[in-house]
Every structure is written in C-alpha cells, then in structure tokens.
Amino acid sequence: MEFSAKQIAEYLNGTIEGNENATVFTFSKIEEGMPGAISFLANQAYEQYVYKTTSTIVLVNDTFKPEKPVAATLIRVPNAYEAVAKLLQLYESMKPKKVGISSLAYIDPTAKIGENCYIGPFVAIGPNVVVGDGCVFHPHVTIGENASVGKNTEIYSNAVVYHDCKVGSNCILHAGCVIGADGFGFAPSAEGYDKIPQIGIVTIGDNVEIGANTCIDRSTMGSTVIKNGVKLDNLVQIAHNVVVGENTVMSSQVGVAGSTKIGDWCVFGGQVGIAGHISIADHTTGGAKAGIAGPVKKENSTILGIPAIDARKFARCNAVFRNLPEMSAELQTLKRKIADLEKQLGEKQ
C-alpha cells in the first residue's frame with residue numbers, strides 16, 4: 001500500500017518541502033534509505049545522512065535547518081520521533097489480524113473465550129478463565145485457572161499467566177514472560193528455610209507492555225499491581241506486593257524488591273536495583289545501574305550511583321573520584337613534607 005507525502009503530512013499535521021506527490025510503501029532507517037521508503041531525522045548525530053539518503057520522504061523536526069541541499073521530500077513536524085511512532089502504529093494496525101482457534105489448543109470447557117480471538121496451537125487455557133474479545137494467543141501460551149485477560153491483548157509464545165491473575169485490555173506480553181510466579185518468601189528455621197505460601201495475585205492494568213522473559217511475582221497476600229500504561233523491557237524482575245505506577249517505564253534488567261511502591265511516570269535505566277519496602281515519588285528518573293536503597297520523596301528527582309544520590313551531586317562526586325590517584329599521590333607528598341618539617345623542628349629544640 002502506497003501513501004503520498006500529501007496524505008502523510010495531512011495525517012501528521014505537518015508541512016511539506018518538496019514533491020507532495022512523492023509516494024512511499026515502506027519504512028527505512030535514514031542511513032539505510034532506499035527509494036519508496038520513509039525515514040526520519042530526530043537525532044542531530046544522524047544529520048549527515050539526510051543529505052545523501054535515497055529515501056523518498058524524510059520526517060524532520062520543525063527546527064531543522066539544512067546546511068546542504070536535500071534530495072528527499074521533507075515533512076516538517078513538531079517531533080519527528082513521535083511522528084514516525086504514530087505512522088508505525090498506523091502501519092501495524094492495518095496488518096490483517098489472525099482469528100480462529102487451533103484444533104491443537106486445549107481450552108477447558110468452563111473457560112469463556114471472547115469473539116474474534118486467535119488461539120494458536122498448543123495453547124493451554126485452564127478452568128474458569130475469562131478471555132476478552134480480540135485477543136491473540138500465540139503457540140504454547142498458558143493461562144492458569146481463574147485467570148482473566150482483557151480485550152485485544154496479545155500474548156506471545158511460551159508466556160505464562162498463573163492462576164487467578166488478571167491482565168487488562170490492549171496489553172502485549174512478550175515471549176517467555178511469567179505473570180504470577182511465587183514471590184520469594186521464605187522463613188528461616190533450624191532445618192533451613194520454610195516456604196511462605198504466596199496466596200495473592202498479580203493485577204496488570206490496560207495498555208501495559210511486558211518484555212520477553214520478564215517476571216512479575218504474585219503477592220504474599222493481596223496483589224502485586226502493574227498500573228495502566230506501564231512498559232517493562234526484557235528481563236525485568238518485579239517482586240511480590242510491588243506497585244508500579246501509571247506510565248512508568250523500566251529498561252532491561254531492572255530489579256524491584258518486595259513491597260516497594262513506585263509512582264507514576266517514573267523512568268529507570270538498565271540494571272537499576274530498587275530495595276524493598278520503600279516508596280518512590282512520581283516522575284523519578286533512575287540512571288543506569290543506580291542502586292536505590294531508600295525512599296525517594298521528592299518528585300521529578302534524577303538519581304545516579306550506588307547508593308543512588310542526586311544526579312548533579314553524583315557528577316561532582318564522580319569528578320573527584322576520577323582524580324583520586326593524583327589526590328592520593330599529592331596527599332602522600334604533603335605527609336612526607338610535614339614529617340620532614342616536624343623532624344627539623346624537633347632537631348632545633
């Protein structure tokens with residue numbers, strides 16, 4: 001399917017520089033452009049490619065000022081990254097959706113399956129499960145007893161939703177993720193560790209995306225909660241009784257210990273570690289590898305380091321750390337000079 005620059009600009013409320021009748025049928029990175037493709041320039045580090053790309057159309061920010069002639073037709077928008085995301089969403093929505101139940105799937109007779117769903121081969125759906133309309137379950141998905149899945153949710157192969165857990169509408173659960181495994185609860189005893197039964201559940205809101213091999217543990221009692229709009233990368237660990245606020249995002253290998261409450265619109269970089277039984281304010285940003293050992297009370301905080309501290313203070317501390325060898329050598333020199341002075345003063349007395 002082809003779209004013209006004029007159609008795209010109207011859809012995005014953008015302005016055209018070049019041929020409004022230029023047409024595209026695919027997407028391409030700007031550095032790998034080709035005729036018939038639309039690319040985008042959002043990061044000025046890639047500006048060099050806009051002058052030599054063979055892509056037919058390039059989305060650019062309104063503020064972009066070319067330093068050389070550009071062969072491609074430009075469509076100016078307030079935010080090129082957001083604009084291409086919007087186009088990709090449109091493109092994805094136009095793909096034909098799978099519908100039907102494979103003869104190789106197992107669905108318990110007591111389960112309720114909505115209309116226009118796709119249930120792939122070797123999917124297992126347990127007793128009393130409720131599945132909303134328009135869901136897509138790829139091969140080898142398992143939905144445990146009494147669990148529920150909202151409308152238009154897509155679950156990829158080998159993902160598991162344990163018994164009693166709740167998944168909202170318009171969610172995406174990627175391959176191998178596990179929703180509702182037991183929380184890590186053990187009581188030490190003379191013989192070792194006694195397992196504490198985890199009798200709670202996991203509740204996932206709407207429009208949540210969970211990456212491949214990410215684990216969200218069920219609560220000891222009550223529910224582990226992932227609120228609306230949360231996006232979790234691959235290999236994220238959410239422990240029992242955690243609450244993750246709306247529209248919070250976590251990069252790969254973030255780990256959140258039990259009973260922590262995370263606010264709305266927080267952002268955590270790769271390998272951030274968050275201690276248990278603490279609260280983190282809304283709009284907190286944790287830089288990669290930050291170790292958040294205590295509560296974050298101030299909203300809009302940006303923190304770095306282990307233990308995590310204010311990002312600006314961390315930068316000052318890091319500047320000192322880089323100079324520690326020289327500072328140590330200077331200190332040793334000063335100590336020797338002081339020792340020599342003390343010796344000279346002692347001889348004079």
Take atom CD in Gln332; do more than 12 heavy atoms of anything else shown fall under 6.0 Å from it?
yes
Report yes if the side chains of Thr73 and Thr56 come closer than 4.5 Å at any heavy-atom pair, otherwise no.
no
Within a strict 4.5 Å, meaning less than it, do heavy atoms of the Ile8 and Ile38 side chains meet?
yes
Who passes side-chain contact (heavy atoms from CB on, under 4.5 Å) against Glu246, sequence neighbours left out?
Lys227, Asn228, Asp264
Quick one: does any side-chain atom of Asp108 pair with a main-chain N or O of Asn128 as donor and acceptor, under 3.5 Å?
no
Between the side chain of Thr53 and the main-chain N/O of Glu31, is any donor-acceptor distance below 3.5 Å?
no
Spacing of NE2 belonging to His138 relative to CD1 belonging to Ile155, to within rounding of 0.5 Å:
9.5 Å
Measure from the ring center of Phe137 to the ring center of Tyr118 and say whether it is less than 6.0 Å.
no
Looking at Arg218 and Cys165, what are the two nearest heavy atoms and their distance?
NH1-SG, 3.8 Å
Under 3.5 Å, is there a donor on one side chain and an acceptor on the other for Thr203 and Ser223?
yes
Do Thr54 and Pro35 come within less than 4.5 Å of each other through their side chains, counting heavy atoms only?
yes
Would the Phe184 and Phe186 ring centres measure less than 6.0 Å apart?
yes
Is there a side-chain contact between Met250 and Ile238 (heavy atoms, below 4.5 Å)?
yes
Please report, to 0.1 Å, the donor-acceptor pairs under 3.5 Å made by any side chain of residues 286-304, with sequence neighbours excluded.
residue: Lys289; atom: NZ; partner: Gln271; partner atom: OE1; Å: 2.3
residue: Ser301; atom: OG; partner: Lys298; partner atom: O; Å: 2.6

State whether a side-chain donor-acceptor pair under 3.5 Å links Gln237 with Asp217.
yes
Counting N and O atoms only, with roles assigned by atom type, does the side chain of Gln7 sit under 3.5 Å from a partner on the main chain of Ser4, one being a donor and the other an acceptor?
yes
Do any N or O atoms from the side chain of Thr214 and from the backbone of Asp233 form a donor-acceptor pair under 3.5 angstrom?
yes
Is the count of non-hydrogen atoms from other residues, nucleotides or ligands lying under 6.0 Å from Lys151 atom NZ greater than 12?
no
Any idea which heavy atoms bring Gly211 and Cys177 closest together, and the distance?
O-CB, 3.5 Å
Note, Met327 side chain near Leu331 side chain (heavy atom, < 4.5 Å)
no
Measure the shortest side-chain to side-chain distance between Ile201 and Thr224 over non-hydrogen atoms and say whether it is less than 4.5 angstrom.
no
With Glu209, which residues qualify under salt bridge (Lys or Arg N to Asp or Glu O under 4.0 Å), at least two apart?
none
Salt bridge (Lys or Arg N to Asp or Glu O under 4.0 Å) partners of residues 90-105, not counting sequence neighbours, each pair once
Glu92-Lys95
Any salt bridge (Lys or Arg N to Asp or Glu O under 4.0 Å) involving residues 186-204? Give me the pairs, sequence neighbours left out, ordered by first then second residue.
Asp182-Lys195
Count the heavy atoms of every other residue, nucleotide or ligand shown that sit under 6.0 Å from CE of Met221, and state whether that count exceeds 12.
no
Would you check if the side chain of Ser251 reaches a backbone N or O of Gly269 as a donor-acceptor pair within less than 3.5 Å?
no
Can you list the residues that meet the side-chain contact (heavy atoms from CB on, under 4.5 Å) rule with Ser28, with sequence neighbours excluded?
Glu32, Ala37, Ser39, Ser55
Stepwise side-chain contact (heavy atoms from CB on, under 4.5 Å) test for Ser169 and Asn152:
CA-CA 6 Å; Ser169 298; Asn152 301 311; 5.9 Å; no
If you define the side chain from C-beta out and look only at heavy atoms, does anything of Asp133 sit under 4.5 Å from Asn116?
no
Looking only at heavy atoms, the pair that brings Gly132 and Cys117 closest together is O-SG, 3.1 Å
How many angstroms lie between CG in Leu88 and CZ in Phe40, if you round to the nearest 0.5 Å?
8.0 Å
Point-to-point distance, once rounded to the nearest 0.5 Å, from NZ of Lys112 to OG1 of Thr110
9.5 Å
Can you confirm whether more than 12 heavy atoms, excluding those of Gln44, are under 6.0 Å from its CD atom?
yes
For Ala239 against Gly258, the heavy-atom pair lying closest together
CB-N, 3.5 Å
Partners of Gln48 by side-chain contact (heavy atoms from CB on, under 4.5 Å), sequence neighbours excluded?
Lys52
With sequence neighbours left out, write down each residue that passes side-chain hydrogen bond (donor to acceptor under 3.5 Å, both in side chains) with Asp164, or none if nothing qualifies.
Asn146
Does the side chain of Ser157 pick up a donor-acceptor pair with the side chain of His140 at under 3.5 Å?
no
Above 12 or not: heavy atoms from other molecules or residues under 6.0 Å from OH of Tyr81?
no
Kindly give the heavy-atom pair with the smallest separation between Cys171 and Leu173, and that separation in Å.
CB-CD1, 4.0 Å
Measuring only between side-chain heavy atoms, which start at C-beta, is Ile179 closer than 4.5 Å to Ile204?
yes
Applying the 4.5 Å side-chain criterion to the ILVMFWY set and letting contacts propagate, would Leu12 and Val24 be lumped into a single cluster?
yes
Between Tyr156 and Glu154, is there a side-chain donor-acceptor contact under 3.5 Å, judged purely by atom types and distance?
yes
Validation: residues 58-70 side-chain donor-acceptor distances under 3.5 Å, sequence neighbours left out:
residue: Asn61; atom: OD1; partner: Ala80; partner atom: N; Å: 2.7
residue: Asp62; atom: OD1; partner: Val77; partner atom: N; Å: 3.3

Hey, is the main chain of Gly168 close enough, under 3.5 Å, to the side chain of Thr153 for a donor-acceptor pair?
yes
Residues in side-chain contact (heavy atoms from CB on, under 4.5 Å) with His277, at least two apart?
Ser259
Has the side chain of Thr284 got a donor or acceptor atom that lies under 3.5 Å from a matching backbone atom of Val267?
no
Look at the aromatic rings of Tyr91 and Phe27 and report parallel, tilted or perpendicular, splitting at 30° and 60°.
perpendicular
Is the backbone of Cys266 close enough, under 3.5 Å, to the side chain of Thr248 for a donor and an acceptor to pair up by distance?
yes
Could you tell me the separation between the CD1 atom of Ile210 and the NZ atom of Lys231, rounded to the nearest 0.5 Å?
10.0 Å
May I have the list of side-chain donor-acceptor pairs in residues 307-325 shorter than 3.5 Å, sequence neighbours left out?
residue: Asp310; atom: OD2; partner: Arg312; partner atom: N; Å: 3.0
residue: Asp310; atom: OD2; partner: Lys313; partner atom: N; Å: 3.3
residue: Asn323; atom: ND2; partner: Ala319; partner atom: O; Å: 3.1

Residues that Lys261 engages under salt bridge (Lys or Arg N to Asp or Glu O under 4.0 Å), provided they are two or more places apart
none
Minimum heavy-atom separation for Val161 and Ala147, please, with both atom names.
CG1-CB, 4.1 Å
Are any side-chain N or O atoms of Glu17 and backbone N or O atoms of Thr15, one a donor and one an acceptor, separated by less than 3.5 Å?
no
Audit row: Ile338, Lys335, side-chain contact (heavy atoms from CB on, under 4.5 Å) steps and yes/no:
CA-CA 5 Å; Ile338 290 171; Lys335 288 173 69 176; 5.7 Å; no
Please determine whether the number of non-hydrogen atoms from other residues, nucleotides or ligands lying under 6.0 Å from atom OH of Tyr46 exceeds 12.
no
